[in-house]
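The next block holds one structure in the form of structure tokens; read it before the comments.
Atoms within each ligand, like the ligands themselves, are counted from 1 in listed order. For clarity, every value in this text was computed on a predicted model and none was experimentally measured.
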Amino acid sequence: MKKLDISNWTIKQDLSNLEYMNESETVFAQANGYFGIRGTIEEGYSNEIEGTFINGFYDTEDIIYGESAYGYAKERQTQLLVPNTKNIKLFIDDEELNIEYSKLENHFRELNLKNGIITRNLTWKTNKNKILEISFERFVSMDYENLMIINLSIKPLNFSGKIKIISGIKEDKVKSLDENDPRVSGQLKYSLKNYDFFKKDDCIVTKSKTYNSNLQLITSVINKSDNIKVKNIKVEGKNIFEEFCIDLKQNIESTVTKYCFYYFEKKSKIEVEEKLDLFKELTSKDFRYYKSLQEKYYEEFWNISDIILEGNKEIQAAIRFNIFHLIQSVGKNGKTNIAAKGLTGDGYEGHYFWDTETYVIPHFIYTNPDIAKKLLSYRYSILHKAKKRAEELSFKGALFPWRTINGEESSAYYPAGTAQIHINADIMYSLKKYYEVTDDLDFMINKGLEMLVETSRFYADYSDYIDGRGYCINGVTGPDEYSALVNNNTYTNMMIRYQIKFLMDFIGNLKIENIQLYNEIMKKFKITNEELILFNDIYEKIYIHYDKEKNLIGQDDSFLNQKMWDFENTPKEKYPLLLNYHPMIIYKHQVIKQADLVLSMMLIPEYFTDEEKKANFDYYENVTTHDSSLSECIHGIIANELGYEEMSVNFFENTVKTDLYDLHNNVKNGVHIASMAGSWQCIVFGFLGMREIDGVLNFKPNLPRKYKKIELKLRFKGRIIGIILTEDQLIYSLIEGESIEIVSNGEKIILI
Ligand code: BGC
């Protein structure tokens, strides 16, 4: 079966076939960072997995442990399904339009990546042989974060008469997709409470509240059409609908515009009237007005964010699709972040992970640094909770949560959760990159530095000085979740070393460049000289496990001494291993879920010699299952650097196609945001070989023969730099800003 018809800027689906619906509901999801909807159809159907999500709108419940221990995460946080506003039902002579039973022809929908609009067309022949052409156009506004807008056009071809429309606000129920898959969301016992339904002028409204997190939500819709005569309100359970008829004239198109509005606040009382006035004002403009704004937004977005890759049309479209989902799902208000599944599904409960800093932020730093800043601001907004968490665990400083929405740790399985203390260093790594790429000293002074000092304090206190070894970081889990609670995960130790150097350099430079500010900072954060000496000592003496006999760097102290996993006798259906083997079996073997040491090679290339990169990549790649979608992109980048062309292309293409081609068989639960961003990294850090080292952009391009051309733009220190790479040409151009020096294949170039 041909699932989707994918071309340069559009994704088209033939809706006469319902086999791929749940997957396509994710592919066709629309969002603006504040809220998002799954790509279900307006009239609904029996097997749909519905979902409307608001970024950061969640509730909590106690985690029930059979056997608890001190310091375990206490509460689950789960992103809630909020009321559904996209529903619209159509009736002719009491016969309902239904995708499963109606006689429909030419039923297609198309997502246009150029503007984020989905258009769906169909021809409906009723049992009484009335024929209508119907089209729906909808989008979630990028300019007005609270607004979604749907335009319905109806044209009767062989009759004039009435059509009944029911359109309103309805409750969706969570469908648990696979209870045995820990990556899928669990359900909370309760959803929203204190439902209040009413009509206020043209608005139909529901007001609701979460049970524990104290969030208040207003959902409202207004149906508008020139033709509506009478509207009746119907309340059924937690659903409120408007029912109305319009008079259709043969061969004339009638339209209904549905405006949908979401707003939430953490407050005991929400100013409903005020918010509805705001909404009503939004509805004074028509669909065309918002559509043109949306087009403009995306035109500006693509102008900087597009990547042209010639040589494979499928890959070209998939890259755009991935970049499109990043801008759709990313929180842009400094109070929210980007969930592992974006706003496209309830997988991973809507939690934010290190996926943001390690995978997503680089894309934004080099294309939309303001968004990167907002994501880092979110981390700053939860710093006080990270400090409390460190204290709870009896350490100084701050420990950011492994997975969270509200800033508290929400990981119930601590070996693959809290124990991943590399989260602090991941965030600090992206802070360093953000700072070096934007020179945003203000952000560093007002937000970044405090995070940097506090997370470094945590590491200093956590580390143990062991004679003969140095500073050890024991009992932690690195990125590879198929090893847990190990000593000296090299990735973690290297990242800590790197962040501590960043802190010392930053403070050191401040002392030289602005002694007054330096004194203020030292006082404000109570940094003593003894503390600086300790940081320096850790930087110099943090332990890295080299296995001299095997001539390898250990992933941790014990990995290389474990038994090798029996890859030969593990059938395909036993992957991912996490769904088929007890952790104790997995943990005691040499088997890796995702890039770990290989990730350090990409993030901190200066810590490795070329020989070390090759020897360790060859070894570790061989024992990696890539069971996590965070893995292949990183391997693709290093494979390209090492000249393993075919391997690098394979990893790259698997990464790019993960969601659009459902390579992990779970796209119905939501997209894989990290690997979507990873596909951008494969191109920029992989094929262009870009690394930012000490404030200078270095390129070492290596275009696989399969592709003919890469063309893209990057923002760097207030400039826009254009890059074109073909089989025989490499062109850098300065599109905007003052001249700047870059390094290409080791050679300094000044762009003017
Ligand atoms: C990966 C983590 C990741 C999480 C959310 C897990 O499967 O192992 O590294 O943060 O998924 O994407």
Sidechain N-carboxylate O distance under 4.0 Å for [X], [Y]:
{"X": "Glu23", "Y": "Lys3", "value": "no"}
{"X": "Lys657", "Y": "Glu632", "value": "no"}
{"X": "Glu145", "Y": "Lys332", "value": "no"}
{"X": "Glu454", "Y": "Arg457", "value": "yes"}

Quiz item: Backbone, side chain, both or neither: what part of His672 comes under 4.0 angstrom of ligand 1, heavy atoms only?
Solution: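 It is neither; nothing of His672 touches ligand 1.
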Quiz item: Side chain, backbone, both or neither: which part of Ile673 comes within less than 4.0 Å of ligand 1 when only heavy atoms are counted?
Solution: neither
Exercise. Could you check if a side-chain atom of Tyr58 sits within less than 4.5 angstrom of a side-chain atom of Leu215, using non-hydrogen atoms only?
Key: yes
Quiz item: Any side-chain donor-acceptor pair under 3.5 Å between Thr344 and Arg38?
Solution: no
Practice problem: Ignoring hydrogens, just give me the one of Trp402, Phe353, Tyr348 whose non-hydrogen atom is nearest atom 6 (C) of ligand 1. | Solution: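 Ranked by closest heavy atom to atom 6 (C) of ligand 1, first place is Tyr348.
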Exercise. Select the closest option to atom 12 (O) of ligand 1 among Asp355, Asp426, Asp480, judged by heavy-atom distance.
Key: Asp355
Numbered atoms and elements of ligand 1 in range of [X], under 4.0 angstrom, heavy atoms:
{"X": "Leu630", "value": "3 (C), 9 (O), 12 (O)"}
{"X": "Ala340", "value": "5 (C), 12 (O)"}
{"X": "Trp354", "value": "2 (C), 3 (C), 9 (O), 10 (O)"}

